[in-house]
Amino acid sequence: MKTDSSLTRRGFIRTAATGSLALGWLGSQQVAPRVFAAEAAKPALLGGTAVHPSGWAKWPEWRAAWEPELLQVYRSGRWFRGSDQRVAEFEQAYARLLGAKRCLATASGTTALTVSLHVMDVDAGDEVIVSPYTFIASYNAILSCKALPVFADTDPATLTIDPASIASRITERTRAIMPVHIFGMPCEMDPINAIARQHQLAVIEDACQAWLAEYHGRKCGVLADLGCFSFQESKHLPSGEGGAITGLSEQLIDKCDSFHNCGRAFGTNHGTGYFTRGNNYRMTQAQAVILKHQLDKIVRDTEIRQANADYLTMNLRQIPGVTPVRLPENSRSVWHLYPFRYDAAQFHGLSRDQFVRAMSAEGVPCGGIYREQYYDGLLDEAIASRGYRRLWGAARLKAYRDSFQELKGNQQVCATTVAMTQNMLLAERHDIDHILEAIRKIQDHSAALVKALA
Ligand SMILES: Cc1ncc(COP(=O)(O)O)c(C=O)c1O
């Protein structure tokens, strides 16, 4: 199985979602047993026996019970959003699940973000403060508004945006803050909302990995002006492609509805016909059928992932050199990925890439996930473009490019994070023990691994 720390998150998720394991009883929290016989064996990378050769739950999962309604949609010829009620039914059910006043389904998470930014009046020449530690779509949605993604730093303890680093990034052009609940871990929203109120900025949650995550007793997606979700194939609520915008304001969601539907008048956003700018970002009936059928499933799956993640966290704390993340007080992550910080010094200098290779050989795929993507070229391309040079001028764009070096927390996070995919958290407790066993085995044999891999 190919797993190296530079794999993209989606490539890594596809690679990890192999094999098949029945879901089962998870048992109560307890400290994992140490399996001394297995630990004594050589690491699989050095010819020993893999700790977990049987694979992990396949993802996405399909249920035959969803098929009759899906066939009915296709046979009816009513495929487009406006031809039937299924998209609206999904929207109502998802809004109820989240405690949102309204939900608007979209074609993808990226389009949900693009619509939300437009509706919150992010325009050409504006700046949006965003977390750098995220999937590239968070950057791209801002760039598609011809706005500048300005990066606050990442807190190495939480992997989310450091609220203390936001204020210094605000300029007269800043229009919005876009915190990302990465891997399903809620951002520290109270201080973020307080800064936004103080400077009259909009807040758009990128909750594309955070279905049902909770902060201070409320679900992600209803913690700010608008919240955006993705239902792409790898996600906990998948429909191939798909997305949603949620919120507590009828007016804002009505505006989102108009913009995502070619600018057609909708609800409180009324006019004659296509009276505002817009685009076609609509969801189809078939996508809505698959999503509707998974709403009970995601609640059950989330509980299983959370129980297994709690168990992992408790046991990883006992292993030197492996640090689980800190969540905000009174919050619940949903673990789209389960991350920890890796300290090579506690593994005789075994590099993160070598650790990841050794884990994969044990049958426990993991990866380094996000790089410092602001050096990947897309921002250089944007700021070299005629439009950006016209909108900002050379001096501001040079200062912007130079400011990436200040992202020390993010640099650290990109270099030391290791994460496993959500499907692994759906396994039975004895399989979760294999994850711990593999880490301990690699640590016990890290000196030999360093020597062999030199
Ligand atoms: C954090 C984050 N933001 C935005 C997106 C974009 O969602 P989509 O792929 O549905 O366009 C994703 C999807 O992976 C994501 O993980």
Side-chain angles (χ1 to χ4, degrees), residues 7-14 16-17 59-60 90 94 103-118 122 128-145 149 151-152 154 158-161 176-187 203-213 220-221 223-224 226-246 256 260 279-284 287-288 290-291 294 333-339 367 369-371 373-374 378 410 413-414 417 419 421-423:
L7 276 178
T8 61
R9 180 184 54 82
R10 282 186 185 172
F12 168 56
I13 286 168
R14 259 196 312 279
W59 196 267
F90 166 70
Y94 195 60
C103 166
L104 174 77
T106 58
S108 65
T110 308
T111 52
L113 290 168
T114 309
V115 171
S116 299
L117 287 160
H118 174 84
V122 172
V128 177
I129 297 176
V130 64
S131 170
Y133 195 70
T134 181
F135 180 55
I136 208 67
S138 315
Y139 299 16
N140 277 332
I142 297 167
L143 291 168
S144 71
C145 299
F151 303 108
T154 306
T158 64
L159 311 191
T160 56
I161 194 166
I177 306 173
M178 201 164 93
V180 184
H181 306 303
I182 202 67
F183 304 160
M185 305 181 300
C187 296
V203 180
I204 297 157
E205 296 173 73
D206 182 337
C208 284
Q209 300 183 8
W211 330 257
L212 307 188
C220 288
L223 302 170
L226 292 169
C228 300
F229 293 87
S230 167
F231 306 133
Q232 183 268 342
E233 176 181 280
S234 65
K235 304 303 198 299
H236 297 195
L237 186 57
S239 56
E241 300 286 0
I245 305 171
T246 52
C256 291
H260 106 296
N279 229 316
N280 177 357
Y281 294 137
R282 294 183 299 253
M283 178 178 277
T284 65
Q287 286 168 292
I290 299 173
L291 292 168
Q294 291 181 85
S333 172
V334 291
W335 309 113
H336 181 48
L337 278 90
Y338 181 91
I369 319 301
Y370 300 121
R371 295 187 293 272
Q373 301 169 121
Y374 30 81
L378 84 158
N410 193 59
V413 165
C414 291
T417 299
T421 53
Q422 55 88 13
N423 60 310

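Heavy-atom basis, side chains included; hydrogens, waters and symmetry copies ignored. When a ligand or atom number is given, it counts from 1 through the structure's own listing order. Numbers here are sequence positions counted from 1.
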message: Can you tell me how the ring of F231 sits relative to the ring of Y94, calling it parallel under 30°, perpendicular over 60° and tilted otherwise?
response: perpendicular

- request: Give me the ring orientation class for Y133 and F183: parallel if the planes are under 30° apart, tilted from 30 to 60°, perpendicular past 60°.
  value: perpendicular

Enumerated ligand 1 atoms positioned under 4.0 Å from heavy atoms of S108: 10 (O), 11 (O)

query: Hey, looking at atom 5 (C) of ligand 1, which of A137, A210, A107 has the closest heavy atom?
result: A137

field: Distance filter under 4.0 Å to T110 heavy atoms, resulting ligand 1 atoms
entry: 6 (C), 7 (O), 8 (P), 11 (O)

- line: Result for ring pair (Phe, Tyr, Trp, His ring centres under 6.0 Å) between H336 and one of W59, F229, W211 points to W211

- prompt: So, the side chain of Q209 versus the backbone of V180: is there a donor-acceptor pair under 3.5 Å, distance only?
  reply: no

- prompt: Relative to ligand 1, is D206 under 4.0 angstrom through side chain, backbone, both or neither, heavy atoms considered?
  reply: side chain

Selection from G109, A207, S138, C208 by shortest heavy-atom distance to atom 8 (P) of ligand 1: G109

message: S230 versus ligand 1: do any nitrogen or oxygen atoms come within less than 3.5 Å of each other?
response: yes

statement: Honestly, for V180 the part within reach of ligand 1 (heavy atoms, under 4.0 Å) is side chain

- prompt: Taking only heavy atoms of T134, which atoms of ligand 1 are found under 4.0 Å from at least one of them?
  reply: 1 (C)

message: Under 4.0 Å, counting heavy atoms only: does K235 come that close to any atom of ligand 1?
response: yes

field: Per-atom contacts, ligand 1 versus Q209 - under 4.0 Å to a heavy atom
entry: 1 (C), 15 (C), 16 (O)

S108 backbone acceptor or donor facing E241 side chain under 3.5 Å: no

message: Check whether N279 reaches the backbone of Y281 with its side chain - one donor and one acceptor, N or O, closer than 3.5 Å.
response: no

task: Look at the rings of Y338 and W335 and say which category their plane angle falls in: under 30° parallel, 30 to 60° tilted, over 60° perpendicular.
output: tilted

